[in-house]
Amino acid sequence: LGDLGEGDPDTDILHIKDDKGDFLEECFAWILHDAQLRDWLGNKDTRLLWIKGDPGKGKTMLMIGLVKELRDRLRTHESRALSFFFCQNAEQRLNNGVSVLRGLIWKLLSENPALGCYIPKAYGLATKDKRKAMFEESNSYLFDILKRMLSDILMDASFEAVYLLVDALDECNKDMDGLVEWIAHNAADPQSKAKWLVSGRFNTKLDRTLKPKHHQKKLILELNDEHISRAVAGFIKQKVDGLANEGEYSDELRIKVQMTLEKNAESTFLWAALVCKHLKGVPKLAIMTELNKFPPGLPFLYERMMQLIESQGSVISELCKKILRAVTIAYNPLTLDEIVPMAELYEWSIEDICELVSLCGSYVILREKTIRFVHQSAKDYLNSIAELFPGGHVEGHRTIVSRSLKAMSTTLRRDIYELQDPGRSVDEVKSVDPDPLNPIRYACVYWINHLCEIESGHDELGLGDNGTIHIFLKEHFLYWLEALSLMRSLSSGIVMMKKLENRLKVIFSSLLHNISIRYQSLIEKTPLQLYCSALVFAPDKSIVRRQFEKCIPPWIQSKPEMEANWDATLQTLEGHTGSVYSVAFSPDGRQVVSGSYDKTVRLWNAATGVLQQTLEGHTGSVFSVAFSPDGRQVVSGSYDKIIRLWDAATGALQQTLEGHTSPVCSVAFSPNGRQVVSGSYDKTVRLWDTATGALQQTLEGHTDWVYSVAFSPDGRQVVSGSYDKTIRFWDAATGALQQTLEGHTGLVDSVAFSPDGKLESLRVVDDWVVEGTSNLLWLPLKYLPTCQATWNGMIALGHSSGKVSVFNFTPGAKFIIQK
């Protein structure tokens, strides 16, 4: 549960109540009598209900009430379960599809431990740190893993129904389309026990996907204005009673205030709440004058609130705007410590900043020392007004980058927590008070995200020689990595560096990136080894060695002589306990799959080197692995004579293909993913149906072991190479032998079709990495591969040591140029 969850949805409800005020039973009770809700509750065929409403109509209040009501009703029903999630656009752990699925699954597992059987098998077999990695954002298959887990849970035979409530689905940014489509698909699945209840404002994707059908309905709050108005009136009465008691209103004034609020609120809870908040503390003699200044409608109210901020005077209003500008453009809520550098409030105390935040109270609130929006509509309004971003949003991102670099450059230093012990594990690090990293936590994690929002040249961005970013990376790169390690965010930093390289083609950052990639596992566990092992074993002439050699502890008086520069290795993936016989890239290049003498198949993140899955089941060495064309499946062939098909996202075994009478040497998918071809020591080539596992063809003709097989790009031919020194072409549809190529004087251990008939792909021939007919890179003995795979300028080599090396080459001609 700790690896899976990012927070308890019940805690999120408590925070919402704190932010929005007390929950009123009468404000939601009407919906329990609504015909559409009653149909959703009682009709087994109505499996999805969308509560649609404009901002401020009380959707979240209704959903909190329905969670409470369903929880009370289900206490005595063991065959029915409840889970829920409340999206919030401004908070990263609450605004994406992965987080929604995490929260729903976490709640179900925490209250129904027996559902633990649906946790992927690979999780239980992995070590502690690898288990955590499975559910980290860097796992590109996490969304698919979670969908599969929840799908399986929702088909559990012990359940009669599972009620799933998701509030503010329109505030889900990343993966929203995929999440909405999956919810609709699951609601339409007759095997699923799910009863979905979602809320959200109008959104084109929601409107198209969740349009009413026989199994899904839509409840439009604007069509229930009588009920909403009555609920808002009850809410206003409670607020006015509080104001009247505190301000000693007469009955006549109380009624007048209440009636004016009801008239102008236009059935909007948020409008009433914001105005009542402003009226608190206003003298009773001025209450009506002040109240009449607020126009009906949320946009006009927000406009009025901005006028009030500007009326505070130029100094105060500009400080307030600095705060609003920073929190609006930030990717995550900012703490009081973080707002100081992001809004440049260095001259002001925390108490002063709290007062400034209170002046912005119509847009933001302060909870647990963190500044949060009162409502998504407040953030939308601030994003839309030019006066808050006079230079545009791009200039806003540029300002955040500049302030982040300034703050990090001022704060970061070697051993910032004064641990001193170079072997101290990050798990042994206790909290530091005051924590020097608190003001720059946001900057450390997000500055590159803001940088990538800016469309400018390198020099203008400060990436050129002696530019601000160039100087920061030269002087503070290792200190930044240390900080990320202490913050448990090193994986995020590595992904950011890769994004910087890909987005801006920054060669300098690519050179620095080497040390973070190669020593990631070490730095994550022991951050101070950045200045020991990582520097000592860096190449003598590498940028990072030259720039930070002064950081090597003086007690290391002599160091081994290292190679002059980094080799082309991007990653060394360690984990196999036996020789690696086969490697392959996923179609999108984000993953590597490997097969080994240790009988396992392993999936790795190509960007970070993190082990994502260990697939176990073979009883002999795994000789060959491959990804399906869509990247969703992996096929493996083994010494145990068996071919296995696996789900690449969850690691689940899907098919076991049996028929070969000797070890399987080679496997490959057809271009459409519907077939697998295999070659074996039994001298045959076989074709299989991936959907059913059925054997389709047995191709006979080779007189010795078949070492390698492949499909042609159009899927019409199969090629095979054999110990009998021949290459054979076969018709994939009929199995007929089309051609036999003879000429080799030794066994043929690898065959492949080129995509366009030209020999340009990277490969290893003898001791060389070759491109076309040109030798590019001679490989020392320890780097000679037992298998290889290529993708988009990268080549992965598997070694007898059990390691996998990944090399990257730039496109185009490759020459040695004399300078």
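Throughout, residue positions are numbered sequentially from 1 according to the sequence presented.
The number of heavy atoms from other shown groups lying within 6.0 Å of CZ (R488) is above 12. In the displayed structure, R674 atom CZ is contacted under 6.0 Å by at most 12 heavy atoms of other residues, nucleotides or ligands. Within 6.0 Å of OH in Y531 there are more than 12 heavy atoms belonging to other residues, nucleotides or ligands.
Here the side chain of R102 pairs a donor or acceptor atom with the backbone of L4 at under 3.5 angstrom. A donor-acceptor distance shorter than 3.5 angstrom exists from the side chain of Q655 to the backbone of A691, with no hydrogens or angles considered. Formation of a donor-acceptor pair under 3.5 Å by the S151 side chain with backbone atoms of K147 is found in this model.
Below 30°, between 30° and 60°, or above 60°: for Y681 and W705 the angle between ring planes is below 30°, a parallel geometry.
Taking every heavy atom of both residues into account, D724 and D704 meet most closely at N-CB, 3.7 Å. Looking at every heavy atom in both residues, S621 comes nearest to S638 through O-OG, 2.9 Å. The two atoms that bring F711 and V718 nearest to each other are CE2-CG2, 3.7 Å, heavy atoms only. Considering all non-hydrogen atoms of both residues, P422 and C532 come closest at CB-SG, 3.9 Å. Smallest separation of non-hydrogen atoms from S579 and S800: OG-O, 2.9 Å. Nearest heavy-atom pair, L484 versus V445, reported as atom, atom and distance to 0.1 Å: CD2-CG2, 4.4 Å.
A side-chain donor-acceptor contact under 3.5 Å links E524 and S491.
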>> For I119 and M149: C-alpha separation, side-chain torsions, deciding distance, then whether side-chain contact (heavy atoms from CB on, under 4.5 Å) applies.
In response: CA-CA 7 Å; I119 296 170; M149 282 181 68; 4.3 Å; yes
> What do the steps show when you test F143 against L101 for side-chain contact (heavy atoms from CB on, under 4.5 Å), and what is the final call?
Replying inline: CA-CA 8 Å; F143 191 53; L101 296 176; 3.5 Å; yes
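When D640, D598, T600 are each tested for a side-chain hydrogen bond (donor to acceptor under 3.5 Å, both in side chains) with H618, only one passes: D640.
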